[in-house]
Amino acid sequence: KNQVEQSPQSLIILEGKNCTLQCNYTVSPFSNLRWYKQDTGRGPVSLTIMTFSENTKSNGRYTATLDADTKQSSLHITASQLSDSASYICVVSSGLDSNYQLIWGAGTKLIIKP
Amino acid sequence: DTEVTQTPKHLVMGMTNKKSLKCEQHMGHRAMYWYKQKAKKPPELMFVYSYEKLSINESVPSRFSPECPNSSLLNLHLHALQPEDSALYLCASSRLSARGTEAFFGQGTRLTVV
């Protein structure tokens, strides 16, 4: 069964600190892996998208890694800001039509405290 | 312009009303999607349009009726909804290619059925 599991479920850190969110997946066939940021009641915003051959990708203070052998990904946030408070969702795309078959993780709810 | 614009942002409707949700993008994307998201759950795919034609209907009840008048616009017509249809409705768009294509999401319409 295709699954995406994220940990931790929630995380509270102080402003300015770094954090790492984890994503494990069992999806076949694999097309790409995305990380989205979603504020409550708003649409998801894409942070990174990685294909099988990419190990790391950065977007400002966000750095995603992908280990296709162990089927694990991480999202590292550097020097957190209050505006980083949101849910971070790992999404794996399966199949050739990469946007038709998206398997969504449950998300990690990140709270940044001043 | 990497925006997907959804209107209205909020909608309250009675179970006998007819209303429409609208989505617009000007990125030249030929794939457009409707998702439904309940609180604390990942988005669920409802419909996919490719080249303005309905390509996927995820067994959505007929009280939801999608329409794609042209390559930039996507509508979702609502009629005789139930209170359990209350949710955040998300529109997304993407290029049509096999791998590594991002899906861009709108900010959503918060629908409440009373």
Side-chain angles (χ1 to χ4, degrees), chain A residues 2-6 9-10 23 25 27-55 57 59 62 64 66 68 86-111, chain B residues 2-11 21 23-25 27 29-51 54-58 86-112:
Chain A
N2 286 335
Q3 269 187 316
V4 175
E5 294 182 347
Q6 293 187 243
Q9 193 172 9
S10 61
C23 173
Y25 63 92
V27 177
S28 182
F30 174 91
S31 180
N32 57 65
L33 183 145
R34 310 124 185 253
W35 283 94
Y36 284 97
K37 176 187 179 186
Q38 186 173 25
D39 294 312
T40 301
R42 307 290 294 271
V45 175
S46 178
L47 297 176
T48 64
I49 180 169
M50 290 183 290
T51 56
F52 185 86
S53 58
E54 295 175 292
N55 300 121
K57 193 167 247 189
N59 177 1
Y62 301 103
L66 175 63
S87 287
Y88 290 83
I89 310 174
C90 176
V91 184
V92 177
S93 169
S94 178
L96 288 178
D97 292 322
S98 67
N99 282 302
Y100 292 5
Q101 295 163 284
L102 299 182
I103 294 92
W104 296 72
T108 292
K109 187 172 175 63
L110 178 63
I111 298 171
Chain B
T2 57
E3 271 198 12
V4 176
T5 304
Q6 289 187 243
T7 55
K9 287 187 169 50
H10 302 274
L11 178 62
L21 309 185
C23 175
E24 189 169 1
Q25 57 87 15
M27 293 178 277
H29 291 168
R30 302 307 295 274
M32 295 186 78
Y33 315 78
W34 280 115
Y35 285 86
K36 173 184 176 181
Q37 187 176 25
K38 302 284 268 186
K40 299 183 181 180
K41 297 286 187 184
E44 298 172 11
L45 183 65
M46 300 174 71
F47 302 105
V48 181
Y49 273 83
S50 303
Y51 295 107
L54 183 65
S55 58
I56 293 179
N57 175 343
E58 292 285 357
S86 298
L88 181 68
Y89 287 84
L90 296 165
C91 173
S93 73
S94 72
R95 288 184 291 117
L96 273 169
S97 66
R99 294 179 184 271
T101 60
E102 266 184 278
F104 292 84
F105 285 82
Q107 288 304 298
T109 294
R110 169 67 62 191
L111 174 67
T112 303

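To find a chain, count down the sequence lines: A is the first, B the second, and so on, and within it residues start at 1.
Closest heavy-atom contact between B/P42 and A/W104: CB-CB, 3.5 Å.
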Can B/Y33 and A/L102 be said to form a side-chain contact (heavy atoms from CB on, under 4.5 Å), step by step?
CA-CA 12 Å; B/Y33 315 78; A/L102 299 182; over 6 Å; no

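Of the residues considered (A/G107, A/G105, A/G41, A/S87), A/G41 shows the highest number of contacts with chain B, using heavy-atom pairs under 4.5 Å. Heavy-atom pairs under 4.5 Å with chain B peak, among A/E54, A/R42, A/K109, at A/R42.
With rounding to the nearest 0.5 angstrom, the CD atom of B/Q107 is 8.0 Å from the CG atom of A/D39.
In this view, B/T112 and B/V12, B/S86, B/V114 satisfy the side chain to side chain contact (heavy atoms under 4.5 Å, CB included) rule, not counting sequence neighbours. A search for salt bridge (Lys or Arg N to Asp or Glu O under 4.0 Å) contacts involving A/K37 returns nothing, not counting sequence neighbours.
Only the side chain of B/Q37 comes within contact range of chain A, judged by heavy atoms closer than 4.5 Å. When heavy atoms are compared at a cutoff of 4.5 Å, A/Q38 approaches chain B solely by way of its side chain, counted from C-beta outward.
Counting heavy atoms of neighbouring residues, nucleotides and ligands inside a 6.0 Å radius, atom NZ of B/K38 exceeds 12 of them.
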